[in-house]
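In what follows, a single structure is set out as structure tokens and then discussed.
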Amino acid sequence: MSRELLNKARERAEHFLEEIDSRRVFPDQAALTGLSGFEEVFPEQGATEEQVLELLDRYGAPATVASAGRRYFGFVVGGTLPVTIGANWMATAWDQVASSKVTSPVMDKIEQVTSGWLLDVLDLPEESVVGYVTGATMATFTALAAARHKLLARQGWDVEGRGLFGAPEIKVVVSDEVHVTVLKALSLLGFGKERVVRVPTDANGAMDIASHPELDDMTIVCVQAGNVNSGAFDPVAEICGRASKAGAWVHVDGAFGLWARAAKELKHLTAGVEKADSWATDGHKWLNTPYDAGVVICRDQQSLYQAMSVSAAYLREIDTAAQNYMPEFSKRARGLEIWAALKFLGRNGVDELVTGCCQRARLFARGLEGLGLTIQNSVVLNQVVVSWDSPEKTEALMQAVQKEGTCWFGPTVWKGKAAFRISVSSWKTTEEDIQLSLQAIKKCMATVNAGGKA
Ligand SMILES: *Cc1c(COP(=O)(O)O)cnc(C)c1O
């Protein structure tokens, strides 16, 4: 039945991946217009399987963003290691409910092994519990739910039962440069996006320790390992030192930056991170797995279990505290692609991937300076913040590059100034890709200088 169909799907996927590096990064207008091919009223009669795939290929593939290609530098978007695509296909065929031993013994085992490897490669406390969620946003949400449980339980307050109405107050400390998704997680948990204490940051976007407020046992501190613009690290060692004396909970947003711990020459940037209480990171960014793959790590297993547990008669076979401690109930075999990436790369491969991206980011930065652009950050990791002579020229250059199509990056505001940001996060990006991108940027600078006409 399905062999022929799956072969056709594989052929189409193969073709897509073969072409991806020679095509524009952002789809052109014709491809975007082509998306109207999907607009039809809900059909009375179904199509053939082949027709369904054919439509995806005809209208869908050309309108994809080539973020799986070599020269996508927007946001912080990794590519996809081929082995993780293969593993993902198999896992999709398996269609496991990766929520417990009862629903999937194989995923229970693979996640268990992967969890040990993650704690090893990221050098985090071995007593920690590891869980697989959609991304760093949900990882932070999950960790902060555990923090909320712990702090309030200590005060004799049952937050899962009674909610936050009338509960003792928790103070939340974040950086002025806090990632928006941490604020989102805080708001979903009832802490409020605005009811936070913001700590000022230094020139590279790291928390200024001198301005750090008093901590106590009713405080949660959210620190960053890898600022989304600059790649900067908060002074985690000092913050954790103060927090552990005070009994405060420290959560680390390390969506991509936590992977610096896996690289010998970068690990020093993350000193002290292991002393925190919880960590959020992603597989789909720097580990180059497919979307969506986030990881939450929490030192205090019981608090996480308590925050997430459910019970019902039909779940009798499942220890819902210890086996299903994630916000999702049903979930796909997300840990499997992380396992595949780690098994394929090994410790040395992960180190090379992370170190290599940082080398190419520094090469990019030097090249951009050579073109007369200004690098606004200290390039400590894989992130480069760039501006030109004026906000208008910076914006015009970014737009021209996006339109030209060789590479792609997006805007930001850095220390109040318009800039664009470059993130080198793909296993695929070579030095040649940096040179090709620099040539395209040079050409676009000339276009902007000539008044916008190529
Ligand atoms: C990307 C990112 C997030 C959010 O991660 P998702 O996987 O998109 O949920 C959080 N913090 C930082 C620093 C990030 O770069």
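Hydrogens, waters and symmetry mates play no part in the numbers below; they use all other heavy atoms, side chains included. Just so you know, these numbers come straight off a predicted model, no measurement behind them. Just follow the structure's listing: the first ligand is 1, and inside any ligand the first atom is 1.
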Do NZ/NE/NH1/NH2 and the carboxylate oxygens of [X] and [Y] come within less than 4.0 Å?
| X | Y | result |
| --- | --- | --- |
| D433 | K428 | no |
| D120 | R347 | yes |
| D28 | R24 | no |
| D292 | R332 | yes |

> Got the residues with a heavy atom under 4.0 Å of ligand 1, by chain and number?
Replying inline: G135, A136, T137, H179, T181, G226, V228, D253, A255, F256, D282, H284, K285
> Between F364 and F73, does the ring centre distance come in under 6.0 Å?
Replying inline: yes
> Between W408 and F75, what is the ring plane arrangement, given parallel below 30°, perpendicular above 60°, and tilted in between?
Replying inline: parallel
